[in-house]
Asks: 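I have a structure here, written as C-alpha cells, and I will follow up with some questions on it.
Note that the coordinates shown come from a computational prediction; the quantities given were computed from them, not determined experimentally. Computation of the quantities below employed the complete heavy-atom set of this structure, encompassing side-chain atoms and omitting hydrogens, waters and symmetry-equivalent molecules.
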Amino acid sequence: MGKRDDLIAKYAADLKEKCGMSADMDLLTKVTIGCGPAIYNDDASTVAGSQASELETIKDNFLVKKLGLTDGPQLMDAINAVIETYGTSNRNKYRAVVYYMLVKHFGKEAVYV
C-alpha cells in the first residue's frame with residue numbers, strides 16, 4: 001500500500017471510532033484525492049476546529065467553490081456540527097474526514113463522481 005492508501009485507512013478508522021460512521025471507501029478515496037498534496041503536510045492535513053478563520057476558509061473554498069453551495073448561516077452550522085461530531089476535544093481533525101462528513105451532510109456525493 002502507498003502512503004495515500006495508509007492515510008485513507010487512517011481516515012476510515014477515524015470516521016468509525018471518533019464519529020461513529022462507516023466510511024463509503026470510494027467516496028472517502030475521492031475526497032482524499034481532492035484534498036491534493038495537503039494530506040501529506042502535517043499542518044495542512046488537519047483542521048483547527050476552534051479557529052474561526054480556518055472554518056471560514058473551509059466554508060468559502062470547499063462548501064461554496066467546490067461543492068457549489070449557496071453561502072448562508074447553514075454552512076457554518078454544518079461545519080460546527082461536523083466539528084462537534086468529530087469531537088471538539090479531539091486535537092487531530094483530519095481535513096479529508098471533515099470534508100467527507102460535509103459532503104455526506106449536504107448530499108453532494110455527485111460532485112465526486
Asks: Taking all atoms of both residues into account, what is the closest heavy-atom pair of C35 and A96, and its distance?
Replies: SG-CA, 4.0 Å

Asks: Is the shortest side-chain N to carboxylate O distance from K65 to D60 below 4.0 Å?
Replies: no

Asks: Quick one: does R95's side chain have a donor or acceptor within less than 3.5 Å of a partner on T46's backbone?
Replies: yes

Asks: Is it the case that atom CG in N61 sees more than 12 heavy atoms from other parts of the structure closer than 6.0 Å?
Replies: yes

Asks: Are L7 and Y94 side-chain neighbours, meaning at least one heavy-atom pair lies under 4.5 Å?
Replies: no

Asks: May I ask you to test the L63-D71 pair for a side-chain heavy-atom distance under 4.5 Å?
Replies: no

Asks: Would you check if the side chain of Q74 reaches a backbone N or O of T70 as a donor-acceptor pair within less than 3.5 Å?
Replies: yes

Asks: Output yes when D6 and K10 qualify as a salt bridge under the 4.0 Å nitrogen-oxygen rule, no when they do not.
Replies: no

Asks: Begin with the C-alpha distance, continue with both residues' side-chain angles, and end with the deciding distance and a verdict on side-chain contact (heavy atoms from CB on, under 4.5 Å) for D14 and K93.
Replies: CA-CA 9 Å; D14 254 28; K93 293 175 193 65; over 6 Å; no

Asks: Any chance the rings of F62 and Y99 have centres within less than 6.0 Å?
Replies: yes

Asks: Donor-acceptor check, side chain of S45 to backbone of N41, threshold 3.5 angstrom: yes or no?
Replies: yes

Asks: Can you get from V111 to I33 by hopping between Ile, Leu, Val, Met, Phe, Trp and Tyr side chains that sit under 4.5 Å apart?
Replies: no

